[in-house]
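Step one of this worksheet: look at the structure below.
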Amino acid sequence: MTKIPDKPTLDGIEARWIDQWESDGTYRFDTSAVRDQVFAIDTPPPTVSGSLHVGHVFSYTHTDLIARYQRMRGRKVFYPMGWDDNGLPTERRVQNYFGVRCDPSQPYEDGFQPPFRGDPPKKHQAIPISRPNFLELCDELVEMDEKVFEELFRRLGLSVDWTQHYATIDARSRRVSQRAFLRNVARGEAYSQEAPTMWDIDFRTAVAQAEMEDRDRPGAYHKIPFQRVGSEGAIEIDTTRPELLAACVALVAHPDDERYQPLFGTQVVVPLYGQTVEVCAHELAQPDKGTGIAMICTFGDSTDVTWWRELDLDLRAIIGRDGRMLAEAPAGVDAEAYSAIAGTYPNQAQRVVVEQLVEQGILVGEPRPIEHPVKFYEKGDRPLEIVTSRQWYIRNGGRGADLRAALVDRGTEMTWYPGHMQHRYDNWVEGLNGDWLVSRQRFFGVPIPLWYPLDANGEPMYDEPIAPSEDQLPIDPSTDVPDGSTADQRDQPGGFTGETDIFDTWATSSLTPQIAGHWEEGDGLFERVFPYDMRPQGHDIIRTWLFSTVTRAHHEHDEVPWTNAALSGWILDPDRKKMSKSKGNVVTPMGLLEQYGTDAVRYWSSSARPGVDTTFSEEQMKVGRKLANKVLNVSKFVLGFGDAGDATDAARVTEPVDLAMLARLDSVIAEATSAFDAYDYARALERTEATFWWFCDDYVELVKNRAYGTLGDEAAASATNALRIALGSFQRLLAPFLPFATEEAWSWWHDHSIHAAEWPTPSGLGGDESLLDPVVEVLTLVRRAKSEAKVSQRAAVDQVTVSAADGAGAAIEAGRSDLIAAGTISTLDVVPATDGGPVTCDVVLAPAD
RNA sequence: GGGCGCAUAGCUCAGCUGGCUAGAGCGCUGCCUUCACACGGCAGAGGUCGGGGGUUCGAGCCCCUCUGCGCCCACCA
């Protein structure tokens, strides 16, 4: 217990309590707790290489509200924190920050110093460095970034147990990720395959379906005739990608299309390049699109892949991994014609091809511009191409109806907040069109833990991968050697070669429950936390993080990884514009916390309903600051009555008015509790806050004279005990939202943290809640009379005549002495309302002195 | 093309299974420097609940329909 300050203030409150909580271990997880006592949270690991923004403050506050509530309900809260630091975003940030790029052909340089640490000049040419040097810089930058994130999250008051943290690149994460994958391989849930895949030509890596997005891009239909073989005439097709004519392997129309039925099975000649292709039939061809007949290229889009596979067509690839047209013309294609586009990018090739078509009089009419959706990697700048390569996949139902149905069912085994978010999950799973591509041709990530034997010719035998044993994990197959082999057998015929690909970041972050819970690490933690109680996350990553986590848990544990999914909404700019960057004064999360105070910013976050997109509002933060201030001031006032200490005596609360207040408080406790149980923290706050202001503005004003002792000791004791009981409840009801102000005020009369205190329960004293409304109504009418007369609220009143119906009249009688004191009233008469209408007042002010 | 969400005061939003006169905060207007709080308090003005139908004793809430905004998904000829 500390002394109540004369002038309570919110300034500097955060630093003090953050230190206190840390040294007291207030939020430390009890590792001896049994599963039933535990509330486990699968915290989203933020991408540390990204910038901090108010969205972090927003959604992480929501999780913390639930954590604090559950802790006060007596649950042992498992609330870890992770950092998502592996993967492409980190690589990109390292390149931009240090002015380097990874070139695996470079030798390692001991003690390498990058040319820059932050902000290389725009003209700077990135310096190529070795993969190990590059990874060292990744580690260095990630460590810096994580410090900044941790500082913000601590300042935000997150009740995280910081001893339970992980990073998706750390040894435990690599071990868990590799172990889970190897088990997938052993059970046949993961497999490798040489196949056409979506490919980003700038990052030079394969991309999964979940990471693709459509962007509208201008294009143009080009009408091109294909001469028929062995008969007169030509077939006209429309294409937006004339540069792929060299890759054309067939034409295709719908089998029911009468225009083309006579042509099925006949041959046509591809313009410019001369290869002969067949006219085929397939249901995916759309008669109403273009001319109703399309050219199939390997590969222009994913439909081409389907046609190629199902119609068993030739492969005539022309786009390489670097996105350029291959140097050599494919089989059957006129080499001289092809040489005009060899080595160019697709957009350059298109210009060349269209010129040739025009010069030779082949193109029919003018190209017709259109706007059409084009597939992009969500982090990429140029359209995805389709390139054939060997990749690893994990089955996710995209190629199997049974698994797909099972994963849809998993969605029904958890409760979604808000409920309609489940539609997005169903939508996504049901729309999958391939298994989950987990391998990436990148550098900073968890290595795929496999080697391949090399045959006598030095060719890898991909179907017979060599796996390490689980006790060897984590490994890096590019430096580690499989059991029974020696380092000098690496890359030698008859020897082995290491897998060079790494996992996509989602392949590891899909295992956050296993990583945070120390799955198979032998310390018994996992059994205490899995399946988790809550997965909080943004609705934008349902198709990635949420779905992939469900998939991994389904394969490994045959269970859902958690029972409740809580989805956060987005932050919108008040002007519906880009968040303030253009306005010069960038809004940084830390700046907001410093300007308004943490509690105020948390209040704004807390007032947003779960899953609802919310306007960024500094006004709301001001309101929050006001509320936090009020908590301090009313606490000081209430605790100023009577003895110090936390003792209250409910038995001494005897006045009907006081019992009525506690009855109202009981209702609010019940409402807030059930709202929190349904993850609706915003409703809990709204109900609590409204009642708290009513308590401060009306109830306290009404009874404070009595509390001072003007009506005797018994009456005073009733008021002061009721005030203290209510104060203790309000402080605890508000504690999840305003952890700092409530802790401060609580400390004035308690020895232990409010955040370890028990969630309030209804007093059950049986007061009549309806009693106070008529009393407060009279108080308001008296205040109005004074306000309209433009006199001080302290001004004396000679006579108040209240007209009220029976019930209201009785209530007002119960509050008579408090009303007289609060309103400075000499005579208060209550008369029955003649028409049973609302309470009215005739107020006669005392003459001014 | 399929799916989902939103539309209530000038602004941001509550209004949970239909039920007294539709609420809050901000903003606005007026007043009060009252012994917890001027980072304050008191009071006031302000709404045909997006349009149109329907069910019902009764609709902001349920049904149909239209309009506008936003999001998710879909094979890019």
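Worth saying up front: this structure is predicted, and the values here are computed from it rather than measured.
Between A:R783 and B:A43 there is a side-chain polar atom (N or O) within less than 4.0 angstrom of OP1 or OP2. Of the side-chain N and O atoms in A:Y603, none sit less than 4.0 angstrom from OP1 or OP2 of B:U12. Using a 4.0 Å cut-off, no side-chain N or O of A:S607 falls inside it from OP1 or OP2 of B:C13. Between A:R241 and B:C76 there is no side-chain N or O to OP1 or OP2 distance below 4.0 Å. Within the 4.0 Å cut-off from OP1 or OP2 of B:C75, at least one side-chain nitrogen or oxygen of A:N433 is found. Distances shorter than 4.0 Å separate none of the side-chain N or O atoms of A:K626 from OP1 or OP2 on B:C37. Put simply, A:K289 has a side-chain N or O that comes within less than 4.0 Å of OP1 or OP2 on B:C76. For A:K622, no side-chain nitrogen or oxygen approaches OP1 or OP2 of B:U12 to under 4.0 Å. For the pair A:S617 and B:C11, the criterion of a side-chain N or O lying under 4.0 Å from OP1 or OP2 is not met.
Pairing each heavy atom of A:V797 with each of A:G823, the nearest pair is CG2-O, 3.7 Å. In plain terms, the two heavy atoms of A:A566 and A:Y679 that are nearest each other are CB-CD2, 4.4 Å.
Put simply, the side chain of A:F730 does not reach to within 4.5 Å of the side chain of A:V634, judged on heavy atoms. Within the 4.5 Å cutoff, the side chain of A:V305 has no heavy atoms near those of the A:T298 side chain. A:R602 has its side chain out of reach of A:L738: every pair of non-hydrogen atoms, C-beta onward, lies at least 4.5 Å apart.
Residue-level contact check: A:L284 touches the bases, meaning some heavy atom is under 4.0 Å from a base atom. In this structure, A:Y596 reaches neither bases nor backbone, as no heavy-atom distance under 4.0 Å exists between it and the strands shown. Using a 4.0 Å heavy-atom criterion, one finds that A:C696 contacts the bases of the nucleic acid, with or without backbone contacts as well. If you check every strand for non-hydrogen atoms under 4.0 Å, A:V623 touches sugar and phosphate atoms only. Within the nucleic acid shown, A:Q286 comes within 4.0 Å of at least one base atom, counting heavy atoms only. Using a 4.0 Å heavy-atom cutoff across all strands shown, A:M198 reaches at least one base atom of the nucleic acid.
Distance noted for atom P between B:C13 and B:C57: 37 Å (whole Å). Taking the P atoms as reference points, B:G40 lies 14 Å from B:G25, given to the whole Å. Taking atom C1' on both nucleotides, B:G23 is separated from B:G1 by 42 Å, rounded to a whole Å. Rounded to the nearest Å, the gap between the P atom of B:U21 and that of B:C31 is 34 Å. One P atom belongs to B:G60, the other to B:G18, and the distance between them is 13 Å to the nearest Å. Spacing between B:A9 and B:A45 at atom C1', rounded to whole Å, works out to 11 Å. Straight-line distance between the P atoms of B:C37 and B:A22: roughly 38 Å, to the nearest whole Å. Between B:A36 and B:G41, the two C1' atoms lie 12 Å apart (nearest whole Å).
Of the residues in residues 208-220 of chain A, A:Q209 come within less than 4.0 Å of RNA chain B through at least one heavy atom, sorted by number.
Here B:G10 presents its P atom at 17 Å from CD of A:E619, a figure rounded to the nearest Å. What separates OH of A:Y425 from P of B:C4 is a distance of 18 Å, to the nearest Å. Note: CZ (A:F547) to P (B:C73) measures 13 Å, nearest angstrom. Going from atom CD1 of A:I296 over to atom C1' of B:C76 covers 15 Å, rounded to whole Å. Rounded to a whole Å, the CD atom of A:E701 is 18 Å from the P atom of B:C32. Put simply, NZ on A:K790 is 12 Å from C1' on B:C32, counting in whole angstrom units. If you measure from atom CG of A:N629 to atom C1' of B:C37, you get 7 Å, rounded to the nearest angstrom. A:W693 has its CH2 atom 10 Å from the P atom of B:G25, to the nearest Å.
The side chain of A:W428 lies closest to B:A74 when the candidates are B:G44, B:A74, B:C37. Distance from the side chain of A:R625 is smallest to B:C39 among B:C39, B:G5, B:U34. Here the side chain of A:Q793 is nearest to one of B:U34, B:C75, B:A36, namely B:U34. Comparing B:A36, B:C72, B:U12 by their nearest atom to the side chain of A:T615 picks out B:U12. Between B:C37, B:G44, B:U12, one nucleotide has an atom nearer to the side chain of A:K7 than all others, and that is B:C37. When distances run from any side-chain atom of A:V634 to the nucleotides B:A36, B:G3, B:C75, the shortest one goes to B:A36.
In RNA chain B, runs of at least 3 stacked Watson-Crick or G-U pairs (N1-N3 plus N6-O4 or O6-N4, or N1-O2 plus O6-N3, all under 3.5 Å) give these stems: B:1-7 with B:67-73, B:10-13 with B:23-26, B:28-32 with B:40-44, B:50-54 with B:62-66.
Listed for the A:W308 side chain is no donor-acceptor partner under 3.5 Å among the backbone atoms of A:V249. The closest donor-acceptor contact from the side chain of A:T615 to the backbone of A:S617 lies at 3.5 Å or more, if one exists at all.
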Expected list for residues 287-295 of chain A: side-chain donor-acceptor pairs under 3.5 angstrom, two or more places apart:
| residue | atom | partner | partner atom | Å |
| --- | --- | --- | --- | --- |
| A:T291 | OG1 | A:E236 | O | 2.8 |
| A:T291 | OG1 | A:I293 | O | 3.3 |

Which side-chain N or O atoms in residues 624-633 of chain A pair as donor and acceptor under 3.5 Å with protein atoms at least two apart or in another chain?
| residue | atom | partner | partner atom | Å |
| --- | --- | --- | --- | --- |
| A:R625 | NH1 | A:Y596 | O | 2.8 |
| A:R625 | NH2 | A:D11 | OD1 | 3.3 |
| A:N633 | ND2 | A:N629 | O | 3.2 |

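Under 3.5 Å, the side chains of A:W749 and A:Q731 contain a donor-acceptor pair of N or O atoms.
Judged by distance alone, with hydrogens and angles left aside, A:R683 brings a side-chain donor or acceptor within reach of the base of B:C16, the pair sitting under 3.5 Å. For A:K630 against B:C37, a side-chain N or O and a base N or O form a donor-acceptor pair under 3.5 Å. Residue A:S787 places no side-chain atom within donor-acceptor reach of the base of B:G44, judged by atom type and a 3.5 Å distance cut-off alone.
By the ring pair (Phe, Tyr, Trp, His ring centres under 6.0 Å) test, A:F264 is found to be paired with no residue, residues two or more places apart in sequence or in another chain being considered.
Atoms CD1 and CD1, from A:I224 and A:I237 in turn, are 5.0 Å apart once rounded to the nearest 0.5 Å. How far CH2 of A:W570 is from CG of A:D540: 3.5 Å, rounded to the nearest 0.5 Å.
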Produce the list of close N/O pairs, under 3.5 Å, pairing protein atoms with atoms of nucleotides 69-71 of chain B; give distances to one decimal.
| residue | atom | partner | partner atom | Å |
| --- | --- | --- | --- | --- |
| B:C71 | O2' | A:R424 | NH1 | 3.4 |
| B:C71 | O2' | A:R424 | NH2 | 3.0 |

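By the 4.0 Å N-to-carboxylate-O rule, A:D680 lies too far from A:R687 to be salt-bridged with it.
Mapping A:V374 and A:L10 onto RNA chain B by nearest heavy atom places A:L10 closer to the 5' end of the strand.
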